[in-house]
Protein chains: 2
Amino acid sequence: MSESSPTIGIGELARRAGCKPETVRYYERIGLVGDASRTEGGQRRYGEEVVRRLTFIRHARDFGFSVDAVRELLAMSDQPDMPCQEVDAIATHHLEEVESRLQRLSALRDELRRMVSQCAGGKVESCRIIEVLSDHQLCISEQAHGGARELG
Amino acid sequence: MSESSPTIGIGELARRAGCKPETVRYYERIGLVGDASRTEGGQRRYGEEVVRRLTFIRHARDFGFSVDAVRELLAMSDQPDMPCQEVDAIATHHLEEVESRLQRLSALRDELRRMVSQCAGGKVESCRIIEVLSDHQLCISEQAHGGARELG
DNA sequence: CTTGAATCTATAGTCGCTACAAGTTTTATG
DNA sequence: CATAAAACTTGTAGCGACTATAGATTCAAG
């Protein structure tokens, strides 16, 4: 693995990886990408391998992996000879979380739909939306939306 | 509307509404609930109407409404004679957001499933999960997971 | 050499809480 | 009534993953 000469500025790096310079500096601060080499004047300069690394990071983040998970995935992708069990475990765990979020979000959608569809458009006093929000008993499923906050 | 005498402590209030005392104080700080009356010693005491208000808040939050949306919903539920168009608008808007989140989360799940199922369990070097994360082109849908971070 | 874009650091803000620390008040028991 | 335990008080900092701002500096193009 030969490093390419570090000629890429933080702006171009960010653009090519699909994020902002601030995010790159943030990733440097938390150690997701290493310290960049600098120009005499102190500006960061990167080589192609950092573009690849940052692209990997952004892609994994787009998949919803947490920064900690990305950190582990990065560490593993740096060890090509190791078995990929752990990679698989992380991805499978994440998939399970996504599936569980989907279920709850879907139940939430059903409740919201029901609520909205029952609003007759009169006064607030008799608005079904307000009524449902006031009275948990009017929900079909008690568990449906307990903790929607975690769903984003 | 007669106010009940304020005898309920913050702990009982929180328990009855399904949150924590810290959350109640937080809601007071941001103005979702008004300032409570106090004992001589300075402790907060509440009446039943606050239990109802806090329950409404928690319920709306469980439905995934933002605090700002809850603020508006509260303001409207305080005006029973007004038409409920705005209530409906807020709820419908929220429903649309939930539906859009669902679509993206569902596409994300499909990609994750595909990725995980293609992992043959060998070395990291040839792990499909790492490959997909390294190369956006291997995704079926480019849009599928662009911004999963917002999905929770 | 000048201009303007890009970059630098440091810090604070976002959202909606949650957690802690160190002190005070209330309530229950002996 | 004394004591202990529970609940409460304020203030502040932390979470995750950035994002935004300010004010200074550096770089690249003409």
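First the proteins, then the strands, lettered A, B, ... as listed; each starts at 1. Quick caveat: nothing in here was measured; it's all calculated off a predicted structure.
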Please give, in whole Å, the distance from [N] [atom2] to [X] [atom1]?
X       : N      : atom1 : atom2 : value
B:Arg29 : C:dC15 : CZ    : P     : 14 Å
B:Asp35 : D:dT9  : CG    : P     : 12 Å
B:Glu12 : C:dT26 : CD    : C1'   : 14 Å
B:Tyr26 : C:dA19 : OH    : C1'   : 15 Å
B:Arg38 : C:dT24 : CZ    : C1'   : 13 Å

Item to check | Ring geometry between B:His136 and A:His59 (parallel below 30°, tilted from 30 to 60°, perpendicular above 60°) | outcome: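 Rings of A:His59 and B:His136: parallel, under 30°.
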Quick one: list whatever passes side chain to side chain donor-acceptor pair (under 3.5 Å) with [X], sequence neighbours left out.
X        : result
A:Glu125 : none
A:Tyr27  : A:Arg58
B:Ser37  : none

[X]: partners by salt bridge (charged side-chain N to carboxylate O under 4.0 Å, His left out), with sequence neighbours left out:
X        : answer
B:Arg45  : none
A:Arg16  : A:Glu12, A:Glu48
B:Glu131 : B:Arg128
B:Asp35  : none

Next on the checklist: Using five pairs at each end of the helix from C:dC1-D:dG30 to C:dG30-D:dC1 to define an axis, what is the angle between those two axes, to 10°?
Outcome noted: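 Answer for the end axes of this duplex: 10°.
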Item to check | Summary of protein contacts for nucleotides 20-27 of chain D, nucleotide by nucleotide, where a base hit scores B, a sugar-phosphate-only hit scores S (4.0 Å, heavy atoms) | outcome: SB----BS
Checklist entry - What are the residues of residues 65-77 of chain B, sorted by number, that bring a heavy atom to within less than 4.0 Å of DNA chain C? => result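 The stretch gives B:Ser66, B:Val67 as the residues lying under 4.0 Å from the strand, ordered by number.
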Item to check | Residues that A:Asp68 engages under side chain to side chain contact (heavy atoms under 4.5 Å, CB included), provided they are two or more places apart | outcome: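 Testing A:Asp68 for side chain to side chain contact (heavy atoms under 4.5 Å, CB included), a comparison that skips the adjacent residues, returns A:Ser66, A:Arg71.
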Next on the checklist: Going by salt bridge (Lys or Arg N to Asp or Glu O under 4.0 Å), name the pairs with one or both residues in residues 91-100 of chain A, residues two or more places apart or in two chains.
Outcome noted: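 Qualifying pairs, neighbours excluded: A:Glu99-B:Arg113.
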Checklist entry - Looking for any heavy atom pair under 4.0 Å, which part of the strands does B:Arg44 touch: base, sugar-phosphate only, or nothing? => result sugar-phosphate
